Amino acid sequence: MAETVHRRGLDAQGYIEREGSLGRVPHAFRPVVATARDRLIDVYGGRLNSAYLYGSIPRGTARVGHSDLDLLVVTRQEPTAEDRSEASGLGEALDKEFPEIDGVGTLLYGRTRLLSELETYDLGWFVACLCTPLLGEDLAEYLPRYRPDSLLARETNGDLALLLPRWRERIASAEDTDEARRSLVRFMSRHLVRTGFTLVMPRWNGWTSDLGEMAEAFGAYYPERAEQLRTAAVLGYEPTGDAGVLLSYVDDLGPWLAEEYARVHGIKAPRPDMG
(Lines give C-alpha, C1' and ligand atoms only; values in the text may rest on other atoms or scores of the structure.)
Protein backbone atom coordinates (compact mmCIF):
# COMPACT_ATOMS: atom_id res chain seq x y z
CA MET A 1 0.00 0.00 0.00
CA ALA A 2 1.23 3.47 -0.81
CA GLU A 3 2.44 5.48 2.13
CA THR A 4 -0.15 7.97 3.36
CA VAL A 5 0.94 11.50 4.20
CA HIS A 6 -1.01 12.48 7.28
CA ARG A 7 -0.60 15.48 9.53
CA ARG A 8 -3.31 14.97 12.12
CA GLY A 9 -2.02 15.66 15.62
CA LEU A 10 1.29 17.06 14.34
CA ASP A 11 2.67 20.60 14.25
CA ALA A 12 4.10 22.25 11.16
CA GLN A 13 7.49 20.59 11.76
CA GLY A 14 6.02 17.10 12.01
CA TYR A 15 6.25 16.74 15.80
CA ILE A 16 3.38 15.37 17.88
CA GLU A 17 1.44 18.23 19.43
CA ARG A 18 0.53 18.09 23.09
CA GLU A 19 -3.13 17.15 23.36
CA GLY A 20 -5.53 18.50 25.93
CA SER A 21 -5.62 21.62 28.09
CA LEU A 22 -7.37 22.82 31.22
CA GLY A 23 -9.39 25.11 28.98
CA ARG A 24 -10.95 22.10 27.27
CA VAL A 25 -12.20 20.49 30.47
CA PRO A 26 -16.01 20.29 30.10
CA HIS A 27 -17.96 22.40 32.57
CA ALA A 28 -19.51 19.33 34.23
CA PHE A 29 -16.07 18.00 35.20
CA ARG A 30 -14.50 21.21 36.46
CA PRO A 31 -15.60 20.71 40.10
CA VAL A 32 -13.99 17.27 40.34
CA VAL A 33 -10.79 18.55 38.69
CA ALA A 34 -10.62 21.49 41.13
CA THR A 35 -11.23 19.18 44.09
CA ALA A 36 -8.60 16.71 42.90
CA ARG A 37 -6.10 19.55 42.59
CA ASP A 38 -6.73 20.79 46.12
CA ARG A 39 -6.63 17.33 47.67
CA LEU A 40 -3.41 16.38 45.93
CA ILE A 41 -1.79 19.35 47.63
CA ASP A 42 -3.29 18.35 50.98
CA VAL A 43 -2.29 14.70 50.65
CA TYR A 44 1.23 14.99 49.24
CA GLY A 45 2.40 18.44 50.29
CA GLY A 46 6.13 18.83 49.76
CA ARG A 47 6.47 15.28 48.40
CA LEU A 48 4.58 16.35 45.27
CA ASN A 49 6.66 17.42 42.29
CA SER A 50 3.93 17.61 39.64
CA ALA A 51 0.43 16.45 38.80
CA TYR A 52 -1.25 16.08 35.44
CA LEU A 53 -4.59 15.25 33.89
CA TYR A 54 -4.77 12.96 30.88
CA GLY A 55 -7.46 11.17 28.92
CA SER A 56 -10.86 12.34 27.77
CA ILE A 57 -11.46 15.04 30.40
CA PRO A 58 -8.63 17.41 29.33
CA ARG A 59 -9.28 16.53 25.68
CA GLY A 60 -12.85 17.78 26.10
CA THR A 61 -14.44 14.51 24.96
CA ALA A 62 -15.49 13.08 28.35
CA ARG A 63 -19.03 11.79 28.82
CA VAL A 64 -20.84 12.51 32.09
CA GLY A 65 -21.33 9.33 34.09
CA HIS A 66 -19.21 7.26 31.70
CA SER A 67 -15.70 8.74 31.69
CA ASP A 68 -13.13 8.31 34.41
CA LEU A 69 -10.77 10.89 35.87
CA ASP A 70 -7.18 10.08 34.87
CA LEU A 71 -4.36 11.53 36.96
CA LEU A 72 -0.58 11.28 36.82
CA VAL A 73 1.09 12.11 40.13
CA VAL A 74 4.84 12.73 40.19
CA THR A 75 6.66 12.57 43.51
CA ARG A 76 10.05 14.14 44.21
CA GLN A 77 11.42 10.77 45.33
CA GLU A 78 10.45 7.30 44.18
CA PRO A 79 6.91 6.68 45.46
CA THR A 80 6.50 4.65 48.63
CA ALA A 81 3.81 2.17 49.59
CA GLU A 82 2.24 4.98 51.61
CA ASP A 83 2.21 7.24 48.55
CA ARG A 84 0.42 4.55 46.57
CA SER A 85 -2.09 3.89 49.32
CA GLU A 86 -2.90 7.59 49.54
CA ALA A 87 -3.37 7.81 45.76
CA SER A 88 -5.80 4.89 45.90
CA GLY A 89 -7.71 6.43 48.80
CA LEU A 90 -7.93 9.78 47.06
CA GLY A 91 -9.29 8.18 43.91
CA GLU A 92 -11.91 6.17 45.79
CA ALA A 93 -13.09 9.27 47.65
CA LEU A 94 -13.41 11.33 44.48
CA ASP A 95 -15.29 8.54 42.70
CA LYS A 96 -17.83 8.31 45.53
CA GLU A 97 -18.27 12.07 45.79
CA PHE A 98 -18.67 12.93 42.10
CA PRO A 99 -21.28 10.97 40.07
CA GLU A 100 -20.04 12.75 36.93
CA ILE A 101 -17.07 10.36 36.79
CA ASP A 102 -16.98 6.59 36.52
CA GLY A 103 -13.85 5.81 38.50
CA VAL A 104 -10.44 7.40 39.00
CA GLY A 105 -7.22 6.06 37.52
CA THR A 106 -4.03 7.36 39.12
CA LEU A 107 -0.52 6.70 37.82
CA LEU A 108 2.24 7.38 40.34
CA TYR A 109 5.92 7.78 39.44
CA GLY A 110 9.02 9.46 40.77
CA ARG A 111 10.54 12.43 38.92
CA THR A 112 13.84 10.64 38.30
CA ARG A 113 12.23 7.73 36.51
CA LEU A 114 10.09 9.91 34.27
CA LEU A 115 13.16 11.86 33.16
CA SER A 116 15.40 8.81 32.79
CA GLU A 117 16.96 7.94 29.44
CA LEU A 118 15.22 4.55 29.49
CA GLU A 119 11.79 6.19 29.68
CA THR A 120 12.38 9.03 27.22
CA TYR A 121 10.29 7.40 24.49
CA ASP A 122 7.64 5.89 26.72
CA LEU A 123 6.72 7.62 29.98
CA GLY A 124 8.58 10.75 28.92
CA TRP A 125 6.59 10.95 25.69
CA PHE A 126 3.42 10.29 27.66
CA VAL A 127 4.11 13.28 29.91
CA ALA A 128 5.18 15.60 27.09
CA CYS A 129 2.41 14.77 24.63
CA LEU A 130 -0.56 13.20 26.41
CA CYS A 131 -0.59 14.89 29.83
CA THR A 132 -2.03 18.29 30.77
CA PRO A 133 -0.21 20.11 33.60
CA LEU A 134 -2.35 20.54 36.72
CA LEU A 135 0.15 21.25 39.50
CA GLY A 136 3.83 21.94 39.97
CA GLU A 137 6.73 21.63 37.57
CA ASP A 138 6.04 20.65 33.97
CA LEU A 139 8.58 17.94 33.14
CA ALA A 140 7.95 18.43 29.42
CA GLU A 141 10.49 21.26 29.63
CA TYR A 142 13.23 18.65 30.06
CA LEU A 143 12.03 16.26 27.35
CA PRO A 144 12.58 16.25 23.58
CA ARG A 145 9.96 16.74 20.91
CA TYR A 146 8.58 13.56 19.41
CA ARG A 147 7.80 12.32 15.93
CA PRO A 148 5.45 9.39 15.19
CA ASP A 149 8.35 7.11 14.26
CA SER A 150 9.30 3.46 14.75
CA LEU A 151 11.37 4.18 17.88
CA LEU A 152 8.35 5.71 19.58
CA ALA A 153 6.18 2.81 18.44
CA ARG A 154 8.63 0.24 19.82
CA GLU A 155 9.11 1.90 23.18
CA THR A 156 5.44 2.61 23.86
CA ASN A 157 3.75 -0.65 22.89
CA GLY A 158 6.47 -3.13 21.98
CA ASP A 159 5.86 -5.26 25.09
CA LEU A 160 2.52 -6.89 24.25
CA ALA A 161 3.99 -10.40 24.13
CA LEU A 162 5.15 -9.97 27.72
CA LEU A 163 1.76 -8.67 28.83
CA LEU A 164 -0.38 -11.44 27.36
CA PRO A 165 0.47 -14.10 30.01
CA ARG A 166 -0.48 -11.57 32.70
CA TRP A 167 -3.75 -10.87 30.91
CA ARG A 168 -4.54 -14.59 30.85
CA GLU A 169 -3.94 -14.74 34.61
CA ARG A 170 -6.21 -11.74 35.18
CA ILE A 171 -8.97 -13.31 33.12
CA ALA A 172 -8.66 -16.64 34.95
CA SER A 173 -8.73 -15.02 38.38
CA ALA A 174 -11.49 -12.48 37.69
CA GLU A 175 -14.84 -12.82 39.42
CA ASP A 176 -17.45 -14.63 37.34
CA THR A 177 -19.59 -11.53 36.87
CA ASP A 178 -20.44 -9.29 33.95
CA GLU A 179 -19.17 -6.30 35.90
CA ALA A 180 -15.73 -7.82 36.45
CA ARG A 181 -15.45 -8.92 32.85
CA ARG A 182 -16.61 -5.54 31.52
CA SER A 183 -13.72 -3.87 33.31
CA LEU A 184 -11.26 -6.25 31.67
CA VAL A 185 -12.88 -5.91 28.25
CA ARG A 186 -12.66 -2.13 28.46
CA PHE A 187 -9.01 -2.16 29.52
CA MET A 188 -7.83 -4.80 27.05
CA SER A 189 -9.85 -3.40 24.15
CA ARG A 190 -8.28 0.01 24.60
CA HIS A 191 -4.80 -1.42 24.93
CA LEU A 192 -5.10 -3.53 21.79
CA VAL A 193 -6.53 -0.67 19.73
CA ARG A 194 -3.73 1.65 20.82
CA THR A 195 -1.17 -1.04 20.05
CA GLY A 196 -2.70 -1.64 16.64
CA PHE A 197 -2.60 2.08 15.95
CA THR A 198 1.03 2.57 16.98
CA LEU A 199 1.93 -0.41 14.80
CA VAL A 200 0.90 1.67 11.77
CA MET A 201 1.54 5.14 13.25
CA PRO A 202 4.82 5.80 11.39
CA ARG A 203 3.16 5.02 8.05
CA TRP A 204 -0.03 6.92 8.91
CA ASN A 205 2.26 9.74 10.03
CA GLY A 206 0.14 11.38 12.68
CA TRP A 207 -1.35 11.06 16.13
CA THR A 208 -4.87 10.63 17.53
CA SER A 209 -6.25 9.38 20.84
CA ASP A 210 -9.69 8.61 19.43
CA LEU A 211 -10.15 4.83 19.46
CA GLY A 212 -12.36 4.84 16.38
CA GLU A 213 -9.83 6.84 14.38
CA MET A 214 -7.05 4.57 15.63
CA ALA A 215 -8.92 1.50 14.42
CA GLU A 216 -9.61 3.05 11.01
CA ALA A 217 -5.94 4.00 10.59
CA PHE A 218 -4.93 0.43 11.43
CA GLY A 219 -7.52 -1.04 9.07
CA ALA A 220 -6.08 0.85 6.11
CA TYR A 221 -2.90 -1.24 6.40
CA TYR A 222 -4.30 -4.51 7.78
CA PRO A 223 -7.74 -4.92 6.17
CA GLU A 224 -7.89 -8.60 7.15
CA ARG A 225 -7.87 -7.57 10.84
CA ALA A 226 -9.72 -4.27 10.47
CA GLU A 227 -13.10 -5.47 11.75
CA GLN A 228 -11.55 -6.94 14.87
CA LEU A 229 -9.99 -3.63 15.80
CA ARG A 230 -13.13 -1.68 14.94
CA THR A 231 -15.08 -3.93 17.28
CA ALA A 232 -12.45 -3.52 19.98
CA ALA A 233 -12.69 0.26 19.62
CA VAL A 234 -16.43 0.13 20.25
CA LEU A 235 -15.92 -2.13 23.26
CA GLY A 236 -13.30 0.27 24.59
CA TYR A 237 -16.07 2.82 25.03
CA GLU A 238 -19.04 0.49 25.70
CA PRO A 239 -17.69 -2.81 27.07
CA THR A 240 -19.70 -5.99 27.48
CA GLY A 241 -19.15 -8.83 29.94
CA ASP A 242 -18.63 -11.42 27.21
CA ALA A 243 -15.97 -13.92 28.26
CA GLY A 244 -15.53 -14.91 24.63
CA VAL A 245 -14.24 -11.45 23.79
CA LEU A 246 -11.51 -11.76 26.40
CA LEU A 247 -10.49 -15.19 25.15
CA SER A 248 -10.33 -13.92 21.57
CA TYR A 249 -7.98 -11.17 22.71
CA VAL A 250 -5.47 -13.47 24.41
CA ASP A 251 -5.78 -16.41 21.99
CA ASP A 252 -6.03 -14.68 18.61
CA LEU A 253 -5.80 -10.91 18.18
CA GLY A 254 -3.26 -10.32 20.94
CA PRO A 255 -0.72 -12.99 19.88
CA TRP A 256 -0.97 -11.98 16.22
CA LEU A 257 -0.52 -8.31 17.06
CA ALA A 258 2.44 -9.02 19.35
CA GLU A 259 4.20 -11.04 16.65
CA GLU A 260 3.57 -8.48 13.93
CA TYR A 261 4.65 -5.63 16.19
CA ALA A 262 7.95 -7.33 16.99
CA ARG A 263 8.52 -8.01 13.29
CA VAL A 264 7.89 -4.40 12.27
CA HIS A 265 9.28 -2.38 15.18
CA GLY A 266 11.18 -4.76 17.45
CA ILE A 267 10.72 -5.35 21.17
CA LYS A 268 10.57 -2.69 23.84
CA ALA A 269 13.74 -2.22 25.90
CA PRO A 270 13.39 -4.14 29.20
CA ARG A 271 12.28 -2.20 32.28
CA PRO A 272 13.13 -3.15 35.87
CA ASP A 273 9.45 -3.87 36.57
CA MET A 274 8.69 -5.80 33.37
CA GLY A 275 9.37 -9.11 35.11
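Computed from a predicted structure; not experimentally measured.
- Scanning for side chain to side chain donor-acceptor pair (under 3.5 Å) contacts around Asp242 gives an empty result, with sequence neighbours left out.
- The shortest non-hydrogen separation linking Thr156 to Ala153 is OG1-O, 3.2 Å.
- A donor-acceptor contact shorter than 3.5 Å is absent between the side chain of Tyr261 and the backbone of Gly196.
- Both Phe29 and Phe98 are assigned to one and the same hydrophobic cluster, defined by single-linkage of ILVMFWY side chains at heavy-atom distances under 4.5 Å.
- By the 4.0 Å N-to-carboxylate-O rule, Arg39 lies close enough to Glu97 to be salt-bridged with it.
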As a quick check of understanding, evaluate side-chain contact (heavy atoms from CB on, under 4.5 Å) for Ile101 and Asp95, giving each step before the final call. CA-CA 6 Å; Ile101 57 173; Asp95 187 32; 4.2 Å; yes

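- Look at Asp102 and Arg63 and you find no salt bridge, because none of the NZ, NE, NH1 or NH2 atoms lies under 4.0 Å from a carboxylate O.
- Looking only at side-chain heavy atoms (C-beta outward), Leu90 and Val73 stay at 4.5 Å or farther from each other.
- The cluster map of Ile, Leu, Val, Met, Phe, Trp and Tyr, joined by side-chain heavy atoms under 4.5 Å apart, puts Phe187 and Leu108 in different clusters.
- Salt-bridge formation is detected for the pair Arg225/Asp252: a Lys NZ or Arg NE/NH1/NH2 atom is positioned less than 4.0 Å from an Asp or Glu carboxylate oxygen.
- For the pair Arg111 and Glu78, the salt-bridge criterion is not met [side-chain N within less than 4.0 Å of a carboxylate O].
- Among the candidates Thr112, Leu48, Asn49, the single residue satisfying the side chain to side chain contact (heavy atoms under 4.5 Å, CB included) test with Arg76 is Asn49.
- There is a path of hydrophobic side-chain contacts, each under 4.5 Å, that joins Val185 to Leu160.
- Residues that satisfy the ring pair (Phe, Tyr, Trp, His ring centres under 6.0 Å) test with Tyr15, not counting sequence neighbours, are absent from this structure.
- We find that Glu19 and Arg59 are joined by a salt bridge, their nearest charged nitrogen and carboxylate oxygen being less than 4.0 Å apart.
- At a threshold of 4.0 Å, the pair Glu169-Arg166 does not count as salt-bridged, since none of the basic side-chain nitrogens sits closer than that to a carboxylate oxygen.
- Salt-bridge annotation for Glu227 and Arg230: present, with a side-chain N of the basic residue lying under 4.0 Å from a carboxylate O of the acidic one.
- In the model, Asp83 has no side-chain atom that pairs as donor or acceptor with a side-chain atom of Thr75 under 3.5 Å.
- Salt bridge present: Asp178 and Arg181 bring a charged side-chain N and a carboxylate O closer than 4.0 Å.
- Annotation for Gly241 and Arg182: closest pair N-CG, 3.5 Å, computed over non-hydrogen atoms.
- Checked by atom type and distance alone, the side chain of Arg30 pairs as donor or acceptor with a backbone atom of Val25 at under 3.5 Å.
- Between Ser150 and Val264, the shortest heavy-atom contact is OG-O, 4.3 Å.
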Run Val104 and Asp68 through side-chain contact (heavy atoms from CB on, under 4.5 Å) and show every step you take. CA-CA 5 Å; Val104 177; Asp68 52 3; over 6 Å; no

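- Note: the hydrophobic cluster containing Leu118 does not contain Ile267 (ILVMFWY, side chain heavy atoms under 4.5 Å, direct or indirect links).
- Hydrophobic clustering places Leu235 together with Leu211 (ILVMFWY residues linked when any side-chain heavy atoms are closer than 4.5 Å, directly or through intermediates).
- In this structure, a donor-acceptor pair under 3.5 Å is present between the side chains of Tyr142 and Glu137.
- For the residue pair Leu130 and Trp125, the shortest heavy atom distance occurs at CD1-CH2, 3.5 Å.
- Two residues are said to be in side-chain contact when any heavy atoms from C-beta on lie closer than 4.5 Å; Trp204 and Pro148 fail this criterion.
- Tyr52 and Asp138 form a side-chain donor-acceptor contact under 3.5 Å, judged by distance and modelled atom types alone.
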